Structures are given as structure tokens and as C-alpha cells.
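Counting convention: from 1, in listed order, for ligands and their atoms alike. The structure displayed is predicted, hence computed values, not measured ones.
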Amino acid sequence: TKLRVGLLFGGRSGEHEVSINSARAIAKALSAEQNANKYEILPFYIQKDGRWLAGEAPEKVLETGTPLLESEQSTSVGNLTSNPQTQTLSKWQSPSQVAQVDVWFPILHGPNGEDGTIQGLLTLMQVPFIGSGVLGSALGMDKIAMKMAFEQAGLPQVKYKAITRAQVWSNPCVFPKLCDDIEAALGYPAFVKPANLGSSVGIAKVRSRQELEAALDNAASYDRRLVVEAGVVAREVECAVLGNDQPQASVVGEITYDSDFYDYETKYTEGRADLLIPAQLPDAIIRKIQDMALQAFAVVDAAGLARVDFFYVEATQEVFINEINTLPGFTATSMYPQLWAHSGVSFPELVDRLIQLALERHSPN
Ligand code: ADP
Ligand code: MG
Ligand code: MG
């Protein structure tokens, strides 16, 4: 009998559309010749308002690639967020589609998708799922906690300061001193970031006091936790990791673009950024990046998959770790599957391996 894969996509974050595209690519890989007799897809679509849909509706979204409007929704399997009245437990205990799933494949990005919340729900359901658990997901999402973990592991990173919304908003007397401290510690240019987002949402590159103040205020509107980093002039290189306790690192890829930095528009506008695989780097640097990627994977307790991103400063040959992404973009043209394709693992094989890793982690030995 076929293993039923619960493909969970969409979600409330700003990366809803990316998630749909990732899910389409994964669905295609699961239906590829080598996987079709092993797996059956049960798609679950989380609408932008948080409603979960099963059955025909998500199939339509996978087919068309476009988000489903409120008026088009059919059988809802539960609503975890927007209407407490209809959020009954029975919907979770009995919906046939949910109970049928043998292994979950959450391909959601951003808050409530790769931050450990959905992973907590799936853990409680006691069904295996692809990717990191609660701890790895949460550490990979929160840039402050992630940096602290990297620091403990001795992984080199750019200078930074962790800040809270309260420091930015609550006390006007403290704010100028805060900005003084940031300027003194990091200088310009600096990058101001909400701690728990992705896709460069809420991130600003600042070159003056005025820009710093505005960026802090803006970032505070996204998150309670903020990070400010010293800006580096560097090449951006990425490495994919696959595995559980004995993970493997892929070849290294590079991202190039013309914009000021790799912002939201550059990431998601066709033709604005190029992926170069493999990156043209000295062998020793590649080995260092792969080694750091595996260390980062282990130190946050990631599982299954992760993409680890770095800054390479050519002039000094320094490598700084930027971040780990525990549910990286998974579209046909995304860096993660492309890195594996160049490392000898095809897209269908990658999806197959991830499912097997999820099963292995759920019941070791
Ligand atoms: P996200 O998780 O949203 O991808 P990142 O921390 O990766 O956030 O930042 C997004 C982009 O901003 C990076 O890919 C890079 O182009 C730029 N950037 C971020 N931090 C720095 C930095 N300290 N120095 C130079 N560029 C940076
Ligand atoms: Mg990220
Ligand atoms: Mg990034």
C-alpha cells in the first residue's frame, strides 16, 4: 500500500505564494515515475486567513498555482486562528483526511510555518513529519536565539546587537542612548531586522542616524525582537544540508543581483537574481563553508533539511555565517533543490529521501 503524504502548504505568512509554488513542485516530484507507486498525496491548504482546507480545494490550488479566495472555499477541516467559536476539538479528532495521513510534509515558510508552531502541532498528533522539530525550527527562525547558538558553537558571524520593541517604543528617553550605542558598536551601514521573519520582510540597510531610527521603528512593528547587524561587503553563498544525525552538505551555490541587497523584491521578481552553482570559490573555502553548514545544522538541532547562508568576504577570505533556514524555498528553481541536483540528488529522489528521514526520526532503529 502507498504511504499517504499530507502536503501542508499556503499559510498566513507573507510567503504564502512561495509556499504554493514549493508545494506544486513537491507534488510533481511525488507523482514522478520513481515515487508514484510509493506515495499518495493528500493536500492540505491553509488559506491566508488561517483556515485549513482539504480535498478538492487544495487540489485546485496545486493545479492552478493561485491562492484560493474566501468565497471559493469548500470543506474546511478546522480553523486554528480566526474564529474561536468554530474551533472545536472534534474537528481535529475526527476529520477523515487528517487521520489518513501517514507522514506530513509541511512546506510553509515564515511565522507559524517554520518557527516550531506547526511542528508542535504535528508532534502532538504523533505522526512523522518532514524537517526539524520544535527546537530546531524555533532556533532557526529567531535570529537572536540563532546567533546565540552559533556563538556558542564558535561559528564566526558579523557583529550585532539584540534589541526589543520595548526599547524602541516604550521609553523615549532611552531611545537616543540606544541609537548611540548601536552607532558606536556597529557603525554604518548597518542592517536592521525583525528577529522572526524571512524573505527580507521588514529588513532595512541604514546609513545614517535618521535611517536607523526609522528602520528600528518599522522593524518593531513586525516583531517584539529585533537585531541590528554591522553591514559587510561580501558575496552571498549558500549550502544545503540533508540528513538527521549524519547529515550531508551539498555543493556551495552563490547568489548574485544588482540591487542594494537581497531584498524581498530581488528575491521574488523573475530575473532579478541569479543562482550560480557551483560557486567559484577556492576549495579550502568550500570545505570550510560545508563544515560550518553541518555545524550550524547540529547546533540548532535541525533535522531532515536546512539551507545555511553565508557571507564570504573575498578581500580577507573570511566566511561569516548569516543564517539557517529550516524550511527553505522548495520550488523547481529554488536554491535548495538546485544545490542537491548539482550534488547528484534529483528533485524526486530528494523528496523521497526527506520522507524516509522523517520516518527514521519518528521511530529510530
Ligand atoms: P532573511 O531571513 O529575511 O533572508 P537575512 O538576514 O538573510 O534575512 O537578510 C536578507 C538579506 O539582507 C541578505 O541576503 C543580504 O543581502 C542582506 N544582509 C543582511 N544582513 C547583512 C549584513 N550584516 N551585511 C550585509 N548584507 C546583509
Ligand atoms: Mg531567513
Ligand atoms: Mg536570508
Side-chain angles (χ1 to χ4, degrees), residues 13-15 18-19 22 108-111 113-116 131-132 136-147 149-150 155-162 182 185-207 212 215 218-219 222-223 225-241 253-269 272-275 279 293 296-297 300 302 305-316 318-330 334-336:
S13 85
E15 290 145 299
V18 187
S19 168
S22 295
L108 302 156
H109 309 299
E114 56 182 317
D115 62 358
S132 298
S137 303
L139 280 177
M141 192 72 210
D142 186 280
K143 292 189 194 296
I144 299 172
M146 172 169 65
K147 282 174 186 294
F150 289 167
L155 291 164
Q157 36 191 349
V158 298
K159 270 194 264 173
Y160 73 95
K161 271 182 92 67
I182 294 169
L186 309 175
Y188 294 114
F191 281 80
V192 179
K193 313 177 180 183
N196 288 277
L197 277 177
S199 289
S200 303
V201 174
I203 296 183
K205 181 176 182 177
V206 298
R207 297 168 191 78
L212 173 66
N218 181 52
Y222 287 97
D223 198 352
R225 289 155 70 77
L226 318 178
V227 194
V228 187
E229 292 177 16
V232 281
V233 178
R235 289 164 65 183
E236 293 195 47
V237 292
E238 307 189 339
C239 183
V241 179
E254 177 168 8
I255 290 158
T256 59
Y257 48 84
D258 290 329
S259 345
D260 196 19
F261 69 97
Y262 197 30
D263 58 10
Y264 185 89
E265 209 199 314
T266 311
K267 282 180 179 173
Y268 298 120
T269 311
R272 287 288 299 277
D274 287 312
L275 310 189
F297 190 87
V300 304
L305 74 165
R307 197 193 70 226
V308 190
D309 301 347
F310 299 88
F311 297 124
Y312 173 56
V313 184
E314 209 160 11
T316 56
E318 281 171 297
V319 178
F320 297 107
I321 189 164
N322 174 28
E323 61 164 343
I324 185 165
N325 293 290
T326 53
L327 276 181
F330 219 114
S334 292
M335 186 62 114
Y336 186 84

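Counting only distance, with no hydrogens or angles, the side chain of S22 and the backbone of F330 share a donor-acceptor pair below 3.5 Å. The backbone N or O of E265 sits less than 3.5 Å from a side-chain atom of T269, completing a donor-acceptor pair. With T266 contributing its side chain and D258 its backbone, the two residues share no donor-acceptor pair below 3.5 Å. Side chain of S13 to main chain of E15: a donor-acceptor pair is present (N/O by atom type, distance under 3.5 Å, no hydrogens or angles).
Contact annotation: for N322 versus ligand 1, heavy atoms closer than 4.0 Å belong to the side chain alone. With a 4.0 Å cut-off on non-hydrogen atoms, K205 does not touch ligand 1 at all. Residue contacts with ligand 1, taken as heavy atom pairs separated by less than 4.0 Å, do not involve D263 at all. In K267, the part holding a heavy atom less than 4.0 Å from any atom of ligand 1 is the side chain.
In terms of polar-atom proximity, defined here as any N/O pair under 3.5 Å, F191 makes no such contact with ligand 1. Looking at ligand 1, you'll find an N or O of S199 within less than 3.5 Å of one of its N or O atoms. The shortest N or O to N or O distance between V158 and ligand 1 is not below 3.5 Å.
In summary, D223 and K143 do not engage in a salt bridge, as defined by a charged side-chain N under 4.0 Å from a carboxylate O.
Scanning all protein heavy atoms for the shortest distance to atom 24 (N) of ligand 1 gives V232 N, 2.9 Å. Looking from atom 3 (O) of ligand 1 to the surrounding protein, the closest heavy atom is S200 N, 2.6 Å. When hydrogens are left out, the protein atom nearest atom 2 (O) of ligand 1 is K143 NZ, 2.6 Å; that is the closest non-hydrogen contact. At the top of the distance list for atom 9 (O) of ligand 1, counting protein heavy atoms only, stands I203 CD1, 3.5 Å. In this structure, the protein non-hydrogen atom closest to atom 13 (C) of ligand 1 is E236 OE1, 3.4 Å. Scanning the protein heavy atoms around atom 11 (C) of ligand 1, the nearest turns out to be Y262 O, 3.6 Å.
Within the structure, the closest approach of D309 to ligand 1 does not fall below 4.0 Å when heavy atoms are considered. Note on ligand 1: P189 sits outside its first shell, no heavy atom being nearer than 4.0 Å.
Atoms CD and NZ, from E229 and K161 in turn, are 13.5 Å apart once rounded to the nearest 0.5 Å.
Tally of protein N, O or S atoms closer to the Mg ion (ligand 2) than 2.8 Å: 3.
For ligand 1, the atoms closer than 4.0 angstrom to any heavy atom of G198 are 2 (O), 3 (O).
A side-chain contact (heavy atoms from CB on, under 4.5 Å) with L139 is found for exactly one of V300, T326, I324, namely V300.
For D263, there are no salt bridge (charged side-chain N to carboxylate O under 4.0 Å, His left out) partners two or more places apart in sequence or in a different chain.
Here the shortest heavy-atom distance to atom 21 (C) of ligand 1, taken over F311, F261, Y257, belongs to F311. For atom 6 (O) of ligand 1, the candidate residues are K159, K193, E229; the nearest heavy-atom contact is made by K193.
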